[in-house]
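Letters A, B, ... are given to chains in the order of the sequence lines, protein chains preceding strands, and every chain is numbered from 1. Every heavy atom of this structure was used, including side-chain atoms; hydrogens, water molecules and symmetry mates were not.
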Amino acid sequence: MKNAAIAQVFRDMADLLELKEDNPFKIRAYQRASHTIDDLPVELEQVMDEGRLREIHGIGEAIARKITELLTTGRLEAYEKLRSEFPEGINELLAVQGIGPKTAVRLYNELGISNVDDLEKAIRDGQVAGLYRLGEKTAENILRHIQTLRRKDARVPLGRALPVAEEIISELGSIAGVHNLTPAGSMRRFKETIGDIDIMGTADDPESVIKAFARLPQVEEVLAKGATKASVIVGDGLQVDLRMVEHDSYGSLLQHFTGSKEHNVALRDRAVRQGLSLSEYGITPVRTGKLEKFTSEEAFYGRLGLQYIPPELREGRNEIEAAEKNDLPDLVEVSDIKGDFHVHTEWSDGHDSIEAMANAARDRGYQYLVIADHSAGRGIAHGLSVERLRQQIAEIRALDKRLDDIRLFAGIEIDIRADGTLDYPDEVLQEIDVVVAAVHSAMGQDSEKMTGRIIRALENPGVHILAHPTCRLIGVREPIDVDIEEIFRAAVRTNTALEINAMPDRLDLKDIHVLRARELGVKLTIGTDAHSADSLGLMRFGVGVARRGWCQPEHILNTRSVEELGKFLRQTHREGVRN
DNA sequence: ATGGCTATCCATGTTTACCAGCTGGTAAA
């Protein structure tokens with residue numbers, strides 16, 4: 001049993017215990033254990049074999065025993081007993097935003113509702129709004145959240161799919177005579193969500209690679225298997241297609257299967273006007289009728305008289321016209337990134353110390369790191385009171401002095417309250433190097449209120465960056481209702497940067513926002529929002545969004561050196577206000 | 001249920017906002 005599955009069991013148990021109104025500290029213990037297991041860098045099976053389960057903080061006698069039972073029998077008696085006390089599907093109700101344990105239990109007890117379908121029906125029939133302390137507005141809210149949940153399609157976030165593809169590629173890559181293994185499709189274009197994983201490659205003996213692929217340990221089901229192509233379902237329900245192709249036409253095949261469809265259609269239209277016919281196997285001039293093959297995409301695009309178009313740009317957004325004029329952007333790369341603008345530490349809800357984060361940043365070759373823990377308003381995240389903030393600043397300063405190979409900035413991720421005021425008084429902001437403001441509450445405000453609220457925060461001279469501007473969580477929470485164009489204009493006017501949050505379930509701003517923001521001259525930062533040292537590696541997802549938004553290094557503040565950055569920080573409006 | 005110090009014990013995340021009913025329960029972050 002994998003860690004993720006075990007963590008899920010404890011998460012479910014915590015939910016069920018909450019429905020039972022069991023000891024809240026016990027519930028919290030399960031939640032903590034679940035969270036810890038999710039973030040564990042090693043498999044619990046190995047830890048158990050070494051007899052070291054109890055050494056993990058938050059795992060004591062009882063939970064260690066439960067983990068052992070799960071790992072050895074694949075089942076957990078206590079879990080099954082708990083589940084039998086509630087109807088199947090009650091967890092489904094808890095997954096709907098706006099429904100907590102109290103409401104879930106009441107819906108079941110008073111209306112017999114135990115799944116989302118019944119709930120939707122009951123709301124439409126007006127049964128829910130009639131219950132004590134549940135009115136029209138609440139019912140309407142819940143209905144909206146149900147619709148969000150329904151709209152979430154089968155696509156999975158890139159951040160979950162990419163590691164799966166990379167693991168497979170690394171496993172198959174060790175086979176002799178295998179070359180060019182790469183993800184194609186939307187994954188290669190770094191789209192924020194992925195349908196199926198499509199992997200391509202060439203090999204001296206394609207069939208042996210296909211066979212090895214179908215036998216990989218993570219494969220749960222083989223849907224189809226031929227000499228050059230196979231489709232399988234892997235562990236977490238993802239479909240993976242492997243396609244082994246001819247080396248001679250690898251370039252045009254990769255191009256074809258990378259898409260997007262819109263890009264390829266536009267490319268084909270243009271080629272037709274040049275008297276060329278495109279197929280996945282190559283280019284055929286109508287005049288000669290002879291197929292020309294391409295081993296590389298560069299040669300393929302070159303034959304069409306086009307500059308090489310990076311996959312992230314292949315979305316049918318004028319990239320072909322730009323390539324024609326040799327006018328494609330020189331896209332920002334991960335290697336251009338010199339620092340991270342948004343990380344958490346154990347001072348709020350992060351797992352690692354300031355020093356551990358600093359070391360990880362230095363190991364990535366960064367010049368600087370902005371520590372931006374939560375402000376007091378985010379109580380659940382153990383947000384910093386002004387007093388603790390000052391202690392943390394002192395510690396950051398001391399550490400910064402001690403570490404001579406990385407520059408640490410004292411930052412904060414400060415709450416923007418419902419009225420647009422910030423979580424600390426203005427004079428406290430002056431003590432902080434980098435103020436990152438963000439909305440974390442009252443997300444249901446209408447556009448006028450929300451836009452005004454955020455602009456008020458942007459206009460605060462102490463604020464440098466607006467984090468995750470639309471607050472969306474892919475497949476979980478819709479973006480806030482906000483006039484994003486107004487936000488962009490306010491950001492330019494106030495010289496405030498907007499963040500591209502690199503967390504795979506956020507990617508916020510998203511690609512088309514970045515495209516527009518860049519056009520308007522908005523300064524952009526990429527922040528990983530890392531809650532552990534490992535998560536600094538999420539930077540590549542943020543860079544992917546920036547690339548899809550046609551950003552060059554100069555559009556992204558993270559590419560600036562520490563000297564230039566200091567200049568930006570001093571240059572912002574806060575200086576103007578002091579004068 | 002866990003972990004730490006006072007141990008066969010005791011403390012353990014908090015603030016903000018919304019909504020239903022006119023102060024406080026509930027949920028989200």
Original post:
In whole Å, what separates the P atom of B:dG4 from that of B:dG13?
Top reply: 12 Å
Subject >> Options B:dG21, B:dG3, B:dT12, nucleotide nearest the side-chain atoms of A:Tyr132 >> reply: B:dG21
**OP:** Counting heavy atoms from C-beta on, name the nucleotide in B:dA20, B:dT12, B:dT16 closest to the side chain of A:Phe25.
**Re:** B:dT12
Subject >> Separation of the P atoms in B:dG21 and B:dA17, to the nearest angstrom >> reply: 22 Å
**OP:** Taking only the side-chain heavy atoms of A:Gln97 (C-beta and beyond), determine which of B:dA28, B:dC18, B:dT16 contains the nearest atom.
**Re:** B:dA28
Original post:
Which nucleotide in the list B:dA17, B:dC19, B:dA1 gets nearest to the side chain of A:Asn141?
Top reply: B:dC19
**OP:** Compare the minimum distances between each of B:dG3, B:dG13, B:dT16 and the side chain of A:Arg32, then state the nucleotide with the smallest one.
**Re:** B:dG13
Original post:
Will you find, in the side chains of A:Tyr366 and A:Asp340, an N or O donor that is under 3.5 Å from an N or O acceptor?
Top reply: no
Subject >> Aromatic ring pairing A:His35/A:His351, orientation class (parallel under 30°, perpendicular over 60°, tilted between) >> reply: tilted
Subject >> Presence of A:Thr103 side-chain N/O under 4.0 Å of B:dA27 phosphate oxygens OP1/OP2 >> reply: yes
Original post:
Among the nucleotides B:dA1, B:dG25, B:dA27, which one has an atom lying closest to any side-chain atom of A:Pro101?
Top reply: B:dA27
Subject >> Separation between the P atoms of B:dT12 and B:dC18, rounded to whole Å >> reply: 30 Å
Original post:
Would you say a side-chain N or O of A:Thr138 is under 4.0 Å from OP1 or OP2 of B:dA20?
Top reply: yes
Original post:
Between the side chain of A:Arg155 and the main-chain N/O of A:Thr193, is any donor-acceptor distance below 3.5 Å?
Top reply: yes
Original post:
What interatomic distance, in whole Å, is found between C1' of B:dA11 and the corresponding atom of B:dT16?
Top reply: 25 Å
Original post:
Can you check whether A:Asn23 has a side-chain N or O nearer than 4.0 Å to OP1 or OP2 of B:dA1?
Top reply: no
Original post:
Is it true that a side-chain atom of A:Asp433 and a backbone atom of A:Ala410 form a donor plus acceptor pair closer than 3.5 Å?
Top reply: yes
Original post:
Does A:Arg417 put a side-chain nitrogen or oxygen below 4.0 Å from OP1 or OP2 of B:dT16?
Top reply: yes
Original post:
When you measure from the side chain of A:Ala442, which nucleotide among B:dT2, B:dC18, B:dT12 comes out closest?
Top reply: B:dC18
Original post:
Is the side chain of A:Arg472 donor-acceptor paired with the backbone N or O of A:Arg506 at a distance under 3.5 Å, no angle test?
Top reply: yes
Original post:
For A:Arg477 and B:dA29, is the shortest distance between a side-chain N/O and OP1 or OP2 below 4.0 Å?
Top reply: yes
Original post:
Of the nucleotides B:dA29, B:dT12, B:dA1, which one has an atom closest to the side chain of A:Lys26?
Top reply: B:dA1
Original post:
Looking at the side chain of A:Ser441, which of B:dT16, B:dT2, B:dT14 is the nearest nucleotide?
Top reply: B:dT16
Original post:
If you look at every strand shown and take non-hydrogen atoms under 4.0 Å, does A:His374 touch a base, only sugar-phosphate, or nothing?
Top reply: nothing
Original post:
When the P atoms of B:dT15 and B:dC9 are considered, how many whole Å apart are they?
Top reply: 31 Å
